[in-house]
2 protein chains.
Amino acid sequence: MDEIDRMLISLLQDDATRSYAVLGKAVGLSSGAAHERVRKLRERGVIRRTTVEVDQAALGRGVTAYVLVDGESWMGDSGAALAAIPEVEEAHVIAGPASVLLKVRTGGTRDLQDVLRRVFQVEGVTGTRTIVVLDTLVDRALK
Amino acid sequence: MDEIDRMLISLLQDDATRSYAVLGKAVGLSSGAAHERVRKLRERGVIRRTTVEVDQAALGRGVTAYVLVDGESWMGDSGAALAAIPEVEEAHVIAGPASVLLKVRTGGTRDLQDVLRRVFQVEGVTGTRTIVVLDTLVDRALK
DNA sequence: AGTGAAAGGGTAGGTAA
DNA sequence: TTACCTACCCTTTCACT
């Protein structure tokens, strides 16, 4: 993990369709060498996967919300139960004023209400507090 | 935006290195037709960009935190001021128990403290509450 | 770990059905 | 929209440095 690896990752984060020829030129290496470095970064799991960023609103998910979930015991399969809710994009165990923090995307406030109902049915959940996103100022990949 | 478009997006979210030949076969179209559909999805902004998912911990950002920011007036360039902090991955204007919610990634708690200091220096900020992530149960792309 | 070249496959663009 | 064709670029591999 030297400076060149970091540059390659940054370039790919910005646009993963770049060819190895372009990448190599950008970091001062040959196409083959750039390819080999990226291959190793994938192999080591530093680069998890190549994906596309989708405009959620265009797919009918216009509402984003964070849900603070209070619970008693967070052992076992609570994670699996939350993962089973398709609208849950992220779920984090947290230190602070709740047990778990969810990031949820739905088509509207009606669907959000339905998601909250399903969260409440997960074993151990004693309460939820919901934060609705009004506007997103920043949403980017860190370098 | 029909069912085929949705399938193509889902396939690309899963692995954007798939060739158009493979994509076409998966949705029952020719390579050319699949290519044309994806091109239009990009053009319309449904697909924002192609990128790589990076293991942040492997890049020395092992601590994730959410910061609830209280403030007086959130007009003007507060967004720009927050975007200027490189550790800020997301910033949302929210309805609920604060004005703005930040997602922050740092190398350690020491750096987190430093970020909080910089957030406090943004004009209009009157207070912050920090939620540290202990474990991430779910982190995925929604279909 | 990187270079350079060769071979094969995929992509992109055009045209016709 | 599909099918076909073509030119070209890129990926991938390998021997050599």
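Numbers restart at 1 for each chain; the letters A, B, ... are given by sequence-line order, proteins then strands. From a predicted model like this one, the values you see are computed outputs, not experimental measurements.
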Rounded to whole Å, please give me the gap between [atom1] in [X] and [atom2] in [N].
| X | N | atom1 | atom2 | answer |
| --- | --- | --- | --- | --- |
| Asp2(B) | dT1(D) | CG | C1' | 12 Å |
| Glu36(A) | dG4(C) | CD | C1' | 15 Å |
| Lys25(A) | dG2(C) | NZ | P | 18 Å |
| Leu8(A) | dA1(C) | CG | P | 14 Å |

Heavy-atom neighbours of Glu36(B) CD exceed 12 at 6.0 Å: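 Counting other residues, nucleotides and ligands, CD of Glu36(B) exceeds 12 neighbours.
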
Pairs satisfying salt bridge (charged side-chain N to carboxylate O under 4.0 Å, His left out), at least one member in residues 105-116 of chain B, at least two apart: Glu89(B)-Arg105(B), Asp114(B)-Arg117(B), Asp114(B)-Arg118(B)

Pairs flagged by salt bridge (charged side-chain N to carboxylate O under 4.0 Å, His left out) wherever residues 133-143 of chain A is involved - sequence neighbours left out: none

Side chain proximity check, Leu23(A) to Val27(A), heavy atoms < 4.5 angstrom: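 Contact flag for Leu23(A)/Val27(A) side chains = no.
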
Where protein sits on nucleotides 8-13 of chain D, one letter per nucleotide: B base, S sugar-phosphate only, - none, heavy atoms under 4.0 Å: --SBB-

Pairwise ring-ring contact (aromatic ring centres under 6.0 Å, His included) hits with a residue in residues 121-143 of chain B, at least two apart: none

Bend angle of the helix from dA1(C)-dT17(D) to dA17(C)-dT1(D), end axes from five pairs each (to 10°): 30°

Closest non-hydrogen atom pair, Ala34(B) against Tyr20(B): CB-O, 3.9 Å

ILVMFWY cluster membership beyond Leu142(B) - transitive side-chain contacts under 4.5 angstrom: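 None; Leu142(B) is a cluster of one.
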
Residues Arg42(A) and Thr50(A): side-chain donor-acceptor under 3.5 angstrom: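 There is such a pair (donor and acceptor under 3.5 Å, judged by atom type) between the side chains of Arg42(A) and Thr50(A).
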
Minimum-distance nucleotide (side-chain atoms of Ala33(A) versus dA1(C), dT2(D), dT3(C)):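 Of the candidates, dT3(C) comes closest.
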
OP1 or OP2 of dG2(C) under 4.0 Å from side-chain N/O of Arg37(A):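 Looking at the OP1 and OP2 atoms of dG2(C), one of them is under 4.0 Å from a side-chain N or O of Arg37(A).
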
